[in-house]
**Q** 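Sending over a structure as structure tokens; questions will come in a sec.
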Amino acid sequence: MQPFYLKIAIDTPLNRLFDYLPLAQTNRDKYAPGQRVLTSFGRSQKTGVIVSISDSSELKPSQLKPIQTLLDDEPLVSSQDIKLLSWAAEYYHQAIGEVFAQALPKQLRGGALPKEQFETRYSLTSLGQHLDDARLQRAPRQASIQKLLLEQTQPVSSAVFASLDWPWRATLKTMVSNGWVELSQANVDDERIVVEADFEPNQAQQDAIDTVAGSLEGFTAYLLDGVTGSGKTEVYLQLIQRVLALGKQVMVMLPEINLTPQLADRFRRRLAARMVVYHSGLTDSQRSQAWLKCRSGTANILLGTRSSVFTPMQHLGMIILDEEHDGSFKQQEGFRYSARDVAIMRARELDIPILLGSATPSLECLYNVQQKRFSHLVLPERTGHSIKPSIHLIDCRNKKTEHQLSKPLLKAVDDCLKRDEQVILFVNRRGFAPVLMCHCCGWVAQCEHCDSRLVTHQRQSQLKCHHCGAEHAKPRICPRCQQAELFALGSGTERIEDALTEHYPNTPISRIDRDTTKGKDAMQLVIDKVHQGGAQLLVGTQMLAKGHHFPNVTLVGIIDVDAGLFSIDFRASERMAQLIVQVAGRAGRESKPGKVLIQTHQPEHPLLQTLIKKDYAAFAQDALQERQQAQLPPYYYQALLRVNATDERAVLDFLQQLKPHLNAIAMPQVSVLGPVPSPMLKRAGRYRYQLLFESAERKSRHYFLLQLLPRIDQIKAARKIRWSIDIDPIDLY
Ligand code: ADP
Ligand code: ZN
Ligand code: ZN
């Protein structure tokens with residue numbers, strides 16, 4: 001028998017496949033790429049995935065071990081997915097085993113059986129619906145269960161009994177054996193009767209739908225460029241219906257924060273579909289179940305966040321990625337990838353359409369449109385009667401402000417509240433104040449682990465570092481001069497909230513930031529309150545800019561826009577423009593006109609001027625030109641090598657030893673910038689440096705890194721540092 005070898009992806013940072021022998025006495029036809037195996041690896045046991053089967057190995061048979069167990073009879077990972085994962089590992093220069101591990105839910109990665117489970121559902125039989133009252137009076141527990149089930153219109157999961165504070169399972173069991181309650185098995189989300197939209201798509205929507213629907217067979221990337229409220233979701237829904245009608249599946253990806261229960265409900269109401277929702281709040285078992293149901297086709301719609309981009313789907317017919325400009329599609333640690341770019345690659349490989357939606361498209365996407373690589377679909381108007389908000393600048397130079405609230409802004413707030421309407425004030429920092437200082441000696445509260453200041457959180461009477469999470473009790477006296485003359489400088493959401501409470505003691509105020517929305521339902525409570533209507537004030541961070549619709553908000557104030565104009569990060573202005581437009585999109589969604597006021601000390605800033613006098617598209621054109629002149633993405637391709645250690649010396653030694661390697665592989669097509677200290681040198685106790693590689697060609701960048709990265713492991717000083725490579729980085733720190 002001809003010998004053969006299994007090439008296996010094992011979850012380790014070593015970027016290669018590992019060769020193993022098959023189990024003794026087994027035939028080649030027992031094995032296929034995509035099966036999981038258990039192997040002994042070093043001193044431990046690991047699961048891995050067979051990537052290929054080969055006739056040869058670079059190692060001698062005596063150096064090879066057989067696998068320990070073959071976990072799957074059938075491949076768990078399809079050959080298409082193996083191809084996608086291998087591409088991702090190569091493009092992002094990440095260890096292939098880690099990439100495969102990332103693509104499997106934890107339980108399956110650990111070797112669990114890939115078995116779909118179906119939840120039991122409960123409903124009353126007709127006997128159970130008509131139990132006589134006397135009998136129920138003697139059995140109050142049975143009566144409670146009957147009451148809960150009578151309220152349901154369809155079979156429900158046991159979650160409905162969660163409100164009962166006694167052991168309901170035993171009672172339920174009795175009721176089942178009496179024939180009063182019957183059990184059924186749930187499919188993902190059962191197909192049910194759907195509600196059609198009570199409006200016809202407008203012309204722009206119809207054109208977009210027709211264009212995409214006309215080429216469902218074959219790859220095209222579409223940019224669906226539509227202002228907030230222009231009906232993008234409606235376009236998605238109608239296209240999804242068509243793809244499902246062909247018996248295919250659809251993957252819909254969203255930023256975590258936009259994946260709300262309301263949106264999932266909207267999808268459920270409109271689509272006769274078997275939908276699963278995939279996000280970070282799921283348990284391990286829910287995750288692997290969702291994954292398996294997409295893989296088998298039990299589910300035909302996946303509504304998920306970044307990490308769902310690798311979910312297997314046998315009959316995938318279309319990918320939709322909403323809010324494509326959102327930074328959360330980029331994974332910033334471990335396996336650094338862009339879910340948007342992976343999704344595009346996936347669509348290309350499968351030869352299916354992908355729809356990228358945004359009210360503020362990324363410059364990357366707009367560039368691809370210019371290059372005719374993406375097809376541009378535009379929804380220029382808000383639907384229905386809602387009118388575009390007007391945007392104005394408030395010049396704050398030389399003006400008195402009260403905790404950063406200027407007179408014109410307060411005046412506008414007054415007017416709005418008098419009309420019984422609602423106001424959003426956007427502050428880009430949570431907490432009370434960003435600086436705590438001593439009036440006597442000038443001491444400033446600094447984080448001991450980071451090059452940053454501690455933020456005062458008045459509500460909890462704490463000082464917190466927003467970079468490493470360190471927390472301290474807020475001192476009463478100055479630790480240096482012992483005087484009780486500490487004062488807080490600048491304002492965050494808490495302080496603005498206080499100032500507003502003072503100004504408007506009778507108006508309900510809600511603060512929305514990461515501190516107030518920790519609990520599961522906290523955000524929902526605020527949203528419910530706002531939807532009740534009436535004059536209200538909302539103060540919050542950029543969480544407010546995303547996803548939610550606040551129909552009664554007619555005024556949006558942006559307290560401080562200047563920080564975004566002067567960042568060292570070349571993407572800061574793009575983000576600022578996106579934020580302004582997204583925040584503006586929260587105002588005046590119904591028939592009332594909305595107004596946006598932006599406080600600035602730079603009223604003549606060209607970015608602000610273009611954005612306000614023209615629009616986002618005009619801003620984007622200018623910004624793209626600047627990027628081209630400055631040789632920046634999307635015209636140039638970047639990669640960032642980050643190096644850090646608790647000992648700064650170790651980093652410097654490493655960089656010193658890296659230098660000859662950089663010289664050895666130097667090529668004219670790739671420029672090397674740095675090494676330089678990261679903008680925040682010390683963070684969470686680690687000293688950080690970075691090197692930026694830039695090239696006009698992806699190919700050259702790739703080749704350069706293929707030469708460089710293997711050399712790093714040979715550098716002696718590399719053992720004392722941590723490093724990572726970030727392809728197409730979106731944050732340069
Ligand atoms: P987007 O996703 O672009 O923000 P949505 O699809 O959520 O916009 O649409 C905003 C609102 O307008 C929704 O309440 C939706 O039901 C409604 N809508 C969408 N299309 C139309 C239309 N053609 N006519 C009337 N209302 C529409
Ligand atoms: Zn002092
Ligand atoms: Zn810190």
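Predicted model only: the values in this text are computed from it and were never measured.
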**Q** For S390 and H392, which I'm curious about, is there any donor-acceptor pair between the side chains at under 3.5 Å?
**A** yes
**Q** Pairing donors with acceptors under 3.5 angstrom, does anything connect the side chains of D731 and Q332?
**A**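 The answer is yes; a qualifying pair exists.
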**Q** Would you check if there is a donor-acceptor pair between the side chains of S358 and E323 at a distance under 3.5 Å?
**A**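 Result is no, nothing qualifies.
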**Q** Is a salt bridge present between K595 and E421, judged by a nitrogen-to-oxygen distance below 4.0 Å?
**A**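 No, K595 and E421 are not salt-bridged.
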**Q** Are the side chain of Q458 and the backbone of E494 linked by a donor-acceptor contact shorter than 3.5 Å?
**A** no
**Q** Measure up the F161 and Y122 rings against each other and bin them: parallel (under 30°), tilted (30 to 60°), perpendicular (over 60°).
**A**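 Correct class here is perpendicular.
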**Q** Please check this pair: side chain of N300 against backbone of R274, looking for a donor-acceptor N/O pair closer than 3.5 Å.
**A** yes
**Q** Just do the salt bridge (Lys or Arg N to Asp or Glu O under 4.0 Å) check on D326 and R575 with the steps written out, would you?
**A** CA-CA 9 Å; D326 196 285; R575 282 192 203 118; over 6 Å; no
**Q** Identify the heavy atoms of I391 and A584 that sit nearest to each other, and give their distance.
**A**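 Answer, listing the atom of I391 first, then A584: CD1-CB, 4.3 Å.
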**Q** Is it true that atom NZ of K411 has more than 12 heavy atoms of other residues, nucleotides or ligands lying nearer than 6.0 Å?
**A**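 No - once you tally the heavy atoms of other residues, nucleotides and ligands closer than 6.0 Å, there are 12 at most.
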**Q** Verify, without hydrogens or angle tests, whether S144 (side chain) and P140 (backbone) share a donor-acceptor contact under 3.5 angstrom.
**A**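 At least one qualifying donor-acceptor pair exists.
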**Q** Taking atom CD1 of I558 and atom CG of L579, what is their separation to the nearest 0.5 Å?
**A**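 That separation rounds to 6.0 Å.
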**Q** How long is the gap from OG on S307 to CD on E256, to the nearest 0.5 Å?
**A**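 Spacing of OG (S307) from CD (E256) equals 8.0 Å.
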**Q** Taking the side chain as C-beta and beyond, is there a heavy-atom pair between L263 and L254 under 4.5 Å?
**A** yes
**Q** Can you see whether Y278 has R287 sitting over its ring - NZ or CZ less than 6.0 Å from the centre and within 45° of the normal?
**A** yes
**Q** Counting distance only, does the side-chain N/O of E574 pair as donor-acceptor with the main-chain N or O of L363 below 3.5 Å?
**A**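 Side chain of E574 to backbone of L363: a pair is present.
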**Q** Using modelled atom types and a 3.5 Å cut-off, is there a donor and acceptor pairing between side-chain atoms of Q422 and backbone atoms of T554?
**A**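 The answer is no, because no donor-acceptor pair under 3.5 Å joins these two groups.
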**Q** Does D569 pair with R571 as a salt bridge, N-O distance under 4.0 Å?
**A** no
**Q** Quick check for you: to the nearest 0.5 Å, what is the distance between N552 atom CG and D420 atom CG?
**A**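 Answer for the CG-CG pair, N552 versus D420, is 9.0 Å.
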**Q** Between Q286 and T283, is there a donor-acceptor pair closer than 3.5 Å when you use the side chain of the first and the backbone of the second?
**A** yes
**Q** Answer whether the closest heavy-atom distance between the side chains of L409 and L425 falls below 4.5 Å.
**A**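 A side-chain contact exists here, since the closest heavy-atom pair is under 4.5 Å.
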**Q** Would you indicate whether the side-chain heavy atoms of L149 and V181 approach each other to under 4.5 Å?
**A**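 Side chain of V181 against side chain of L149, heavy atoms only: contact under 4.5 Å found.
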**Q** For residues Q536 and V423, determine if any side-chain heavy atom of one lies less than 4.5 Å from a side-chain heavy atom of the other.
**A** no
**Q** Can you tell me if H279 and T305 form a side-chain donor-acceptor pair at under 3.5 Å?
**A**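 The answer is no; no qualifying pair exists.
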**Q** Among residues at least two apart in sequence or on other chains, which ones pass salt bridge (Lys or Arg N to Asp or Glu O under 4.0 Å) with D207?
**A**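 By the salt bridge (Lys or Arg N to Asp or Glu O under 4.0 Å) rule, D207 matches no residue at all.
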**Q** For Q599 and Q404, indicate whether the former's side chain and the latter's backbone hold a donor-acceptor pair under 3.5 Å.
**A**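 The answer is yes, because a donor-acceptor pair under 3.5 Å joins these two groups.
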**Q** Between S123 and Q152, is any side-chain donor less than 3.5 angstrom from a side-chain acceptor?
**A** no
**Q** Okay, side chain of R429, backbone of S491: is any donor-acceptor separation there less than 3.5 Å?
**A** yes
**Q** Does one side chain, of Q206 or D210, offer a donor that lies under 3.5 Å from an acceptor on the other?
**A**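 Looking only at side-chain atoms, D210 and Q206 do form a donor-acceptor pair, the distance falling under 3.5 Å.
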**Q** Can you list every salt bridge (charged side-chain N to carboxylate O under 4.0 Å, His left out) pair that touches residues 232-245, not counting sequence neighbours?
**A**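 Qualifying pairs: E234-R270.
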**Q** Taking D265 first and then R268, would you say they form a salt bridge - that is, a charged N and a carboxylate O separated by under 4.0 Å?
**A** yes
**Q** Under a 3.5 Å distance rule, please check whether Y616 uses its side chain to pair with a backbone N or O of P361 as donor and acceptor.
**A** yes
**Q** Verify side chain to side chain contact (heavy atoms under 4.5 Å, CB included) between H467 and S452, making sure each step is shown before the conclusion.
**A** CA-CA 8 Å; H467 298 283; S452 82; 3.4 Å; yes
**Q** Within the 3.5 Å criterion, strictly below it, is a donor on T456 or K474 matched to an acceptor on the partner's side chain?
**A** no
**Q** With respect to S362, which candidate in H325, Q578, R340 satisfies the side-chain hydrogen bond (donor to acceptor under 3.5 Å, both in side chains) definition?
**A**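 It is R340, the one option of H325, Q578, R340 that forms the side-chain hydrogen bond (donor to acceptor under 3.5 Å, both in side chains) with S362.
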**Q** Working to the nearest 0.5 angstrom, can you tell me the gap between H503 NE2 and D498 CG?
**A** 12.5 Å
**Q** What distance do Y222 atom OH and I320 atom CD1 have between them, rounded to the nearest 0.5 Å?
**A**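 That separation rounds to 12.0 Å.
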**Q** State, without any angle test, whether D513 and T541 hold a side-chain donor-acceptor pair at a distance under 3.5 Å.
**A** no
**Q** Looking at every heavy atom in both L321 and A343, which two are closest together, and how far apart are they?
**A** CD1-CB, 4.0 Å
